[in-house]
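Have a look at the structure below, then the notes.
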There are 2 protein chains.
Amino acid sequence: MVKQNIKESIIQSAQTTFQKHGFKKTTMDEIAYAARKGKSTLYYYFESKEEVFQAVVEKEVMHLRDKIQKAISKTDSAREKLQVYIFTRMDGFQDFGNFYDALKDDYLADLVFIEKMRQQYDKNEIETITSIIKEGVLNKEFKNMNAALTAKTIVIAMKGLEFPVLQEKSKNVFKKEITDLLNILFYGICS
Amino acid sequence: MVKQNIKESIIQSAQTTFQKHGFKKTTMDEIAYAARKGKSTLYYYFESKEEVFQAVVEKEVMHLRDKIQKAISKTDSAREKLQVYIFTRMDGFQDFGNFYDALKDDYLADLVFIEKMRQQYDKNEIETITSIIKEGVLNKEFKNMNAALTAKTIVIAMKGLEFPVLQEKSKNVFKKEITDLLNILFYGICS
DNA sequence: AGCAGACTAAAAAACAAAAATAGTCGAATA
DNA sequence: TATTCGACTATTTTTGTTTTTTAGTCTGCT
């Protein structure tokens with residue numbers, strides 16, 4: 001097994017343990033045991049517990065990003081892209097044990113790197129949406145507008161959805177909410 | 001001084017003390033001292049510390065509600081009403097030391113009555129917005145739609161704004177964000 | 001290079017003693 | 001009779017101390 005594979009397997013073990021107990025209550029020994037390595041070995045691959053956690057979160061973010069990209073690539077209109085983006089992102093957010101906890105948990109809130117990741121994720125999200133909107137503006141699907149500003153607004157609205165979505169487990173409940181949001185987003189309420 | 005006035009003055013003292021130290025760190029003695037009464041006197045007017053706090057929060061909510069109503073009453077179109085509603089509510093939210101803390105603080109999150117108030121406030125907010133929208137639909141300002149569902153969506157979007165708005169102290173920064181949100185809300189992004 | 005066992009320093013948990021505080025009650029006051 | 005307060009108690013919080021756990025290091029083995 002090459003170096004990368006081992007690192008990967010450690011991340012995987014860490015992922016399941018973090019998922020079980022959260023960041024704080026997961027010990028390095030536990031992760032090491034799950035990965036069938038000595039604890040010191042973890043420090044050969046990672047500098048700290050935080051770094052391990054960061055790797056886990058990054059993996060999850062990457063996963064969601066891929067999922068979204070895949071879903072988007074199947075569409076052709078910008079309108080569809082936006083729709084699929086929001087649905088996939090809100091949907092995928094539910095699986096996000098660690099990532100979401102990282103954003104929510106008080107203890108973690110203090111950690112600098114979490115805040116950085118949050119911002120980075122937001123930034124990435126805004127960028128992606130911006131480019132979708134720009135595309136839509138170019139091919140006249142959308143009216144002419146400040147794409148970046150609009151993207152920001154959309155992200156804000158999605159944040160409002162995060163909490164209610166994570167409360168209700170059923171996937172069907174929030175579908176309605178998102179559908180409605182999209183309707184307004186596309187057509188507004190003025191006649 | 002009649003009973004109601006004393007009760008009111010206690011609430012006022014409590015308001016400033018809660019504002020200073022939050023719910024947990026404010027003592028009944030402190031409130032009593034500020035109100036120039038003995039602690040036991042507070043228990044003549046209120047059953048518990050929680051009840052005092054509840055009274056304070058209710059007062060603040062009432063105040064915001066009045067402010068909003070006053071602002072709305074000066075407008076005539078539904079479109080304006082909605083605009084003014086959202087601006088006033090987001091603006092007033094900033095002054096909301098206690099109420100917002102009540103919604104945010106971990107310790108308080110557990111208290112049942114806070115959750116109830118939150119829900120009640122949400123419900124009221126949705127109702128108000130619903131009726132504005134209905135009015136707009138009637139006089140053809142807005143297209144025909146499910147007013148309640150739309151109101152819910154608007155509230156969700158506002159929740160997304162709450163956090164960023166409360167972070168930045170300057171009133172001008174968030175004006176832009178709200179303006180943009182309103183633009184989308186009214187006209188959508190599709191051409 | 002990759003790994004682990006023994007180690008340390010720092011943090012967290014457990015416990016106990018002391019202090020602060022929510023809430024009660026009977027008596028005083030006005 | 002309606003209000004007020006001082007003295008009291010039971011419960012929490014805080015504080016200080018000890019013990020345990022845990023992140024991270026170091027040395028050396030393979």
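Labels below follow one simple rule: chain letters A, B, ... track the order of the sequence lines, proteins then strands, and each chain is numbered from 1.
Residues Glu141(A) and Lys81(A) form no side-chain contact, since every pair of their non-hydrogen atoms from C-beta on lies 4.5 Å or further apart.
Side-chain atoms of Arg79(B) and Gln83(B) include a donor-acceptor pair closer than 3.5 Å.
A sub-4.0 Å separation between OP1 or OP2 of dT21(C) and a side-chain N or O of Thr27(B) is absent. Residue Tyr44(A) places at least one side-chain N or O under 4.0 Å from the OP1 or OP2 atom of dG2(C).
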Item to check | Intermediate values then yes/no, side chain to side chain contact (heavy atoms under 4.5 Å, CB included), Glu58(A) and Met117(A) | outcome: CA-CA 8 Å; Glu58(A) 257 159 18; Met117(A) 294 191 70; 3.9 Å; yes
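Salt bridge status for Arg118(A) with Asp122(A): present, with a side-chain N to carboxylate O gap under 4.0 Å. Of the charged side-chain nitrogens involved, at least one lies within less than 4.0 Å of a carboxylate oxygen, so that Glu162(B) and Arg89(B) count as a salt-bridged pair.
Annotation: the terminal axes of the helix from dA1(C)-dT30(D) to dA30(C)-dT1(D) meet at 40°, where each axis is the rotation carrying the C1' atoms of four end pairs onto the next four (5 pairs per end, rounded to 10°).
To the nearest angstrom, P of dA2(D) lies 16 Å from NZ of Lys37(B). When rounded to the nearest whole Å, the span between CZ of Phe46(B) and P of dT3(D) equals 13 Å. Rounded to whole Å, the distance from NE2 on His21(B) to C1' on dA20(C) is 15 Å. Atom CG of Leu42(B) and atom C1' of dG6(D) are 14 Å apart (whole Å). Atom pair Arg36(A):CZ and dG5(C):C1' shows a separation of 20 Å (rounding to whole Å applied). The interatomic distance linking Tyr33(B) (OH) with dT4(D) (C1') rounds to 18 Å, in whole Å. Rounding to whole angstrom units, OH of residue Tyr45(A) and P of dA4(C) are separated by 9 Å. One can place NZ of Lys24(B) at 13 Å from P of dT12(D), the figure rounded to the nearest angstrom.
Heavy atoms from other residues, nucleotides or ligands lying under 6.0 Å from NZ of Lys59(A) number more than 12. The neighbour count for Lys152(B) NZ, taken as heavy atoms of other residues, nucleotides or ligands under 6.0 Å away, does not exceed 12.
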Item to check | Contact pattern, 5' to 3', of nucleotides 23-30 of chain C - B, S or - by protein heavy atom under 4.0 Å | outcome: BBB-----
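Partners of Gln54(A) according to the side-chain hydrogen bond (donor to acceptor under 3.5 Å, both in side chains) rule, which considers only residues two or more places apart in sequence or in another chain, do not exist here.
Between Phe18(A) and Phe23(A), the ring-plane angle classifies as parallel under the 30° and 60° cut-offs.
For Lys25(B) and Thr26(A), each mapped to the nucleotide of DNA chain D holding its nearest heavy atom, the one lying further toward the 5' end belongs to Lys25(B).
Taking the side chain of Thr41(A) as heavy atoms from C-beta on, and the options dC5(D), dA4(C), dT3(D), the nearest nucleotide is dA4(C).
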